[in-house]
Amino acid sequence: MSGTTAAMPSSLTEKKLEKKPIKFSNLLLGAGLNLFEVTTLGQPLEVVKTTMAANRGDSFGTALSRIWGRGGVLGFYQGLIPWAWIEASTKGAVLLFVASEAEYYARAAGASEFGGGILGGVAGGVAQAYATMGFCTCMKTVEITQHKIAAAGVKPPSTFATFMDIYRKEGIRGINKGVNAVAIRQMTNWGSRFGLSRLAEQGIRRVTGKEQSDKLSVFEKIASSAIGGGLSAWNQPIEVIRVEMQSKKEDPNRPKKMTVGNTFKYIYETNGVKGLYRGVTPRIGLGVWQTVCMVAMGDMAKAYVEKLTGEKVTAKH
C-alpha cells in the first residue's frame with residue numbers, strides 16, 4: 001500500500017511540476033513569427049490604433065487620411081525600425097522565461113494547471129512591460145504622434161535623435177513614460193486572453209463534438225484565439241491611457257505630470273466613455289492577425305527552425 005501511495009503522487013507530482021524547457025529553437029521561432037507579424041500587417045494596425053487613441057475625435061477614415069498624410073504607405077510603418085523590431089524580437093523570450101518560472105512556482109504552491117497558466121501569463125506580461133516593451137511602445141508612440149512638427153513645415157528629428165533628446169531631458173523615466181499602463185495592459189491582456197481562449201476552445205469542442213485529446217483544425221485554433229483576443233479588448237481604456245501618457249500631442253488641459261489615474265480622468269472628462277474605447281476595432285484586428293501568424297504559419301516556421309537548429313521545438317503556437 002505504501003508502495004502504491006508513493007508511486008501515485010510521484011508520477012502525478014512529476015507531471016504537475018514539470019518545468020517547461022527554454023530552448024533556443026523556441027526563442028527563435030517566437031522572434032521570427034513576431035517579426036513577420038509586425039512587419040506585415042501588425043505595424044499598420046498598431047499605427048491606426050495609436051492614431052485613433054491619440055486623436056479621439058477622429059473617425060476610422062479620418063485616422064487613415066491623417067496617417068497617409070504623414071508619408072503615404074510609409075506613414076503606416078512609423079516606429080517599425082528599430083522600436084517595433086526590438087520589441088518583437090525580445091518580448092517572446094522575456095515572456096517564455098518569466099511565464100515558465102512563474103507557472104512552475106505557482107503550481108508548486110498548489111495552483112491548478114489553468115490558474116498556474118494565468119499567473120504565469122500575468123507575470124510574463126508584467127516582465128515584458130518593464131524589460132523591453134515600456135521604452136519601445138513609448139518611442140513608437142512618440143514617432144507616430146509627433147506629426148505636428150512635420151505639419152508645421154519643420155523636418156522632424158530622426159528616431160535616435162528623438163530618443164537621445166528625451167533621455168537627456170527626462171532620463172530613464174522619460175523613455176519609459178507610460179510603462180505602468182503598459183504593465184497593467186500586458187498583465188490583463190495575457191491573463192484574460194489565456195482564460196477566454198480556453199473557454200472559446202471548450203465551446204468549439206462542445207459544438208464540434210471533439211474530445212479533449214482530439215486536435216483542433218487550423219481554422220478552429222484561429223477562431224478560439226481570435227475570440228479570446230477580441231474579448232480581451234475589454235481593457236482598451238488602459239491602452240488609450242498608455243497612448244495619452246506617451247503621446248507628444250500638445251494640449252494645455254493635459255495634466256503636467258501624468259499618472260494612470262489623472263490621465264484616465266482627463267480622457268473621461270474630455271471624451272467620455274467612448275473616448276476610452278477609441279482604437280478598439282484596429283486592436284481587435286491586430287489580435288486576429290497575430291493569431292493567424294502564430295497558428296497558420298506556425299507549423300511552417302516550426303519545421304524550418306527545427307531544420308536550422310537541429311532541436312525539436314516544444315513551444316505551442
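- Shown are E211, K210, K215; of these, the side-chain contact (heavy atoms from CB on, under 4.5 Å) with S213 is made only by E211.
- Contact between A223 and I204 at its shortest, heavy atoms only, is CB-CD1, 4.1 Å.
- Qualifying salt bridge (Lys or Arg N to Asp or Glu O under 4.0 Å) partners for R185, counting only residues two or more places apart in sequence or in other chains: E239.
- Under the 4.5 Å side-chain heavy-atom criterion for Ile, Leu, Val, Met, Phe, Trp and Tyr, I227 and L216 are members of distinct hydrophobic clusters.
- Side-chain atoms of E101 do not come within 3.5 Å of backbone N or O of V98 as any donor-acceptor pair.
- Among all heavy-atom pairs drawn from V126 and A183, the shortest one is CG2-O, 4.2 Å.
- Side chains of T51 and R70 form a contact here, defined as non-hydrogen atoms less than 4.5 Å apart.
- Put simply, the side chain of L119 does not reach to within 4.5 Å of the side chain of E103, judged on heavy atoms.
- Separating the OG atom in S232 from the CZ atom in R283 is a distance of 7.5 Å, to the nearest 0.5 Å.
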M245 vs V260, side-chain contact (heavy atoms from CB on, under 4.5 Å): CA-CA, chis, key distance, verdict:
CA-CA 8 Å; M245 288 176 80; V260 172; 4.2 Å; yes

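- When the salt bridge (Lys or Arg N to Asp or Glu O under 4.0 Å) test is applied to K256, no partner is found at least two apart in sequence or on another chain.
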Worked check of side-chain contact (heavy atoms from CB on, under 4.5 Å) between C293 and Q290:
CA-CA 5 Å; C293 287; Q290 286 170 339; 5.9 Å; no

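- Tracing side-chain contacts under 4.5 Å through hydrophobic residues (I, L, V, M, F, W, Y), one reaches F36 starting from I222; they form part of the same cluster.
- Listed here is the closest heavy atom pair of V38 and A84: CG2-CB, 3.8 Å.
- The side-chain hydrogen bond (donor to acceptor under 3.5 Å, both in side chains) check on Y77 picks up nothing, with sequence neighbours excluded.
- M52 and F76 fall within the same hydrophobic cluster, where Ile, Leu, Val, Met, Phe, Trp and Tyr residues are linked whenever their side-chain heavy atoms come under 4.5 Å apart, directly or through other members.
- Put simply, the side chain of V48 reaches to within 4.5 Å of the side chain of F60, judged on heavy atoms.
- Residues F264 and V240 are not in side-chain contact: their nearest non-hydrogen atoms beyond the backbone lie 4.5 Å or more apart.
- Looking at R205 and D214, their side chains come closer than 4.5 Å, going by heavy atoms from C-beta outward.
- Counting only residues at least two apart or on different chains, the side chain to side chain donor-acceptor pair (under 3.5 Å) pairs with a member in residues 30-39 are T39-W85.
- L308 contributes atom CG, which lies 11.5 Å from atom CG of L29 (distance to the nearest 0.5 angstrom).
- Sorted by first then second residue, the side chain to side chain donor-acceptor pair (under 3.5 Å) pairs that include residues 89-99, not counting sequence neighbours, are T90-T132.
- Taking NZ of K265 as the start and CD1 of I241 as the end, the distance is 13.5 Å to the nearest 0.5 Å.
- The side chain to side chain contact (heavy atoms under 4.5 Å, CB included) check on T270 picks up R56, Y266, with sequence neighbours excluded.
- L231 and L276 end up in different hydrophobic clusters when Ile, Leu, Val, Met, Phe, Trp and Tyr side chains are linked at under 4.5 Å.
- Using a 4.5 Å cut-off on side-chain heavy atoms (C-beta onward), T281 and Q236 make no contact.
- Defined by atom type and a distance below 3.5 Å, a donor-acceptor pair is missing between the side-chain atoms of T62 and S65.
- Counting only N and O atoms by type, the side chains of N262 and R254 include no donor and acceptor under 3.5 Å apart.
- Q246 CD to M258 CE: the interatomic distance, rounded to the nearest 0.5 Å, is 10.5 Å.
- For the atom pair I184 CD1 and N235 CG, the distance stands at 10.0 Å (nearest 0.5 Å).
- In terms of modelled atom types and a separation under 3.5 Å, the side chain of Q43 and the main chain of Q78 share a donor-acceptor contact.
- Remark: side-chain polar atoms of S224 are paired, donor with acceptor, to backbone N or O of K221 under 3.5 angstrom.
- Proximity of a side-chain donor or acceptor of R206 to a complementary backbone N or O of E201 within less than 3.5 Å is not detected.
- Listed for the Y268 side chain is no donor-acceptor partner under 3.5 Å among the backbone atoms of G275.
- Proximity of E46 to K49: side-chain heavy atoms (C-beta onward) are separated by under 4.5 Å at one or more points.
- The cluster map of Ile, Leu, Val, Met, Phe, Trp and Tyr, joined by side-chain heavy atoms under 4.5 Å apart, puts M164 and M139 in the same cluster.
- In this structure, W234 CH2 and I238 CD1 are separated by 5.5 Å, a value rounded to the nearest 0.5 Å.
- When all heavy atoms are compared, the tightest approach of I284 to A233 is CG1-CB, 4.0 Å.
- Nearest heavy atom pair, residue G116 against residue A111, reads N-CB, 4.1 Å.
- With E244 contributing its side chain and T263 its backbone, the two residues share no donor-acceptor pair below 3.5 Å.
- Using a 4.5 Å heavy-atom threshold, the side chains of W68 and V73 count as touching.
- Judged purely by distance below 3.5 Å, without hydrogens or angles, the side chains of Y277 and N271 never pair a donor atom with an acceptor atom.
- For the pair G75 and V47, the tightest heavy-atom approach, listed with the atom from each and the gap, is O-CG1, 3.7 Å.
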